[in-house]
There are 2 protein chains.
Amino acid sequence: MKPLTHPHIDDITVEGILHAFSNPARIQIYAAMAAAECPQCCSAYLSIKGKILPKSTLSQHFAILRESGLIRSERRGNEIHNTTRCDELDKKFGGMIDGILDAYLAQSLAVRKKKR
Amino acid sequence: MKPLTHPHIDDITVEGILHAFSNPARIQIYAAMAAAECPQCCSAYLSIKGKILPKSTLSQHFAILRESGLIRSERRGNEIHNTTRCDELDKKFGGMIDGILDAYLAQSLAVRKKKR
DNA sequence: GCGCAAGTTCAGGAATACAGAACTGTTGAA
DNA sequence: TTCAACAGTTCTGTATTCCTGAACTTGCGC
């Protein structure tokens with residue numbers, strides 16, 4: 001099994017991050033991960049917004065998040081512990097990530113209100 | 001020829017914007033448009049970062065930017081005048097767009113420095 | 001009218017995304 | 001140690017999206 005590789009902070013690009021975020025499942029995964037208090041394994045995100053994702057799809061989403069530099073993944077025995085790289089990213093990209101997350105969370109809240 | 005339609009501000013979504021921005025040509029067009037002092041027609045962006053885009057490709061990029069709600073396009077006789085909708089967008093999405101643009105511009109600057 | 005320039009639409013091929021099936025590697029219990 | 005269950009990956013075919021050249025429409029000036 002391949003070792004998990006992460007791009008160096010200098011190799012992370014705005015376009016890569018925006019592409020990773022351009023998929024609804026991926027931005028939701030990232031938002032949930034950013035809100036989590038401790039590292040979560042991949043299968044914690046098998047069900048997202050009431051939809052169930054196939055494991056293979058999820059695995060590929062995680063690969064894209066990892067390769068774009070948004071998250072860090074570490075093998076812990078059987079599972080993989082995932083965390084955001086927000087400290088590094090905030091230093092490099094200023095308020096970009098937070099700005100996106102804030103807007104996304106505000107939108108999610110608004111949608112939930114509407115549904116009631 | 002179809003009339004140009006723009007989504008209502010309430011129908012603009014974070015995912016739509018991020019998808020529009022996930023393409024290098026589109027974010028560059030938007031950045032240039034945001035920096036321009038007056039409305040630009042589409043063909044002002046035929047050459048972007050040294051690359052020449054086919055007209056058809058450009059036309060579709062503009063359609064995506066328009067439908068995502070990022071820009072406003074108005075027919076002026078033969079050509080189309082394009083402007084960003086940044087006032088509305090800033091009101092709706094807080095610092096998201098500016099955060100993205102700032103990071104993108106900073107990255108572009110860094111790249112240009114490296115090339116020298 | 002004519003020619004030209006600005007954009008659009010269409011059609012194809014290329015690239016990318018998705019999901020089911022089969023797989024690898026790890027854990028824990030018998 | 002053997003084996004079943006579990007976490008995640010890889011492979012593969014299909015569906016979707018993206019890109020671009022060619023043909024087209026519309027508007028302007030001569």
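Within every chain, numbering begins at 1; the chains are lettered A, B, ... in the order of the sequence lines, protein sequences first and strands thereafter. Just so it is clear, the structure is predicted and the values come from calculations on it, not from any experiment.
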Starting from [atom2] on [N], measure out to [atom1] on [X] and report it in whole angstrom.
X	N	atom1	atom2	value
Ile71(B)	dG7(C)	CD1	C1'	13 Å
Glu67(A)	dA17(C)	CD	P	11 Å
Ile29(A)	dG8(D)	CD1	P	12 Å
Ile80(B)	dT8(C)	CD1	C1'	9 Å
Asn82(A)	dA7(D)	CG	C1'	12 Å
Arg75(B)	dG27(D)	CZ	C1'	11 Å
Leu46(B)	dG21(D)	CG	P	13 Å

For Arg66(A) and Ser73(A), test the side chains for any donor-to-acceptor distance below 3.5 angstrom and give the result as yes or no.
yes
Quick one: do the Tyr104(A) and Gln28(A) side chains pair a donor with an acceptor below 3.5 Å?
yes
Would you call the rings of Tyr45(A) and Phe62(A) parallel, tilted or perpendicular if under 30° counts as parallel and over 60° as perpendicular?
tilted
Using a heavy-atom cut-off of 4.0 Å across all strands, would you classify His81(A) as base, sugar-phosphate, or nothing?
nothing
Heavy-atom pair of closest approach, residues Ile71(B) and Met33(B)
CG2-SD, 3.7 Å
For dA17(C), take OP1 and OP2 only and decide whether either is under 4.0 Å from a side-chain N or O of His19(A).
yes
Short side-chain N/O contact from Ser59(B) to OP1 or OP2 of dG7(C), under 4.0 Å:
no
Any salt bridge between [X] and [Y], counting N to O under 4.0 Å?
X	Y	result
Glu88(A)	Arg85(A)	yes
Glu15(A)	Arg26(B)	no
Glu79(A)	Arg76(A)	no

Whether each nucleotide of nucleotides 18-23 of chain C has a protein heavy atom under 4.0 Å at its base (B), only at its sugar-phosphate (S) or at neither (-) is summarised, 5' to 3', as SBBB--
Can you find a donor-acceptor pair, distance only, under 3.5 Å between Asn78(B) side chain and dG7(C) base?
no
Position toward the 5' end of DNA chain C (nearest nucleotide), Cys41(B) or Gly77(A):
Cys41(B)
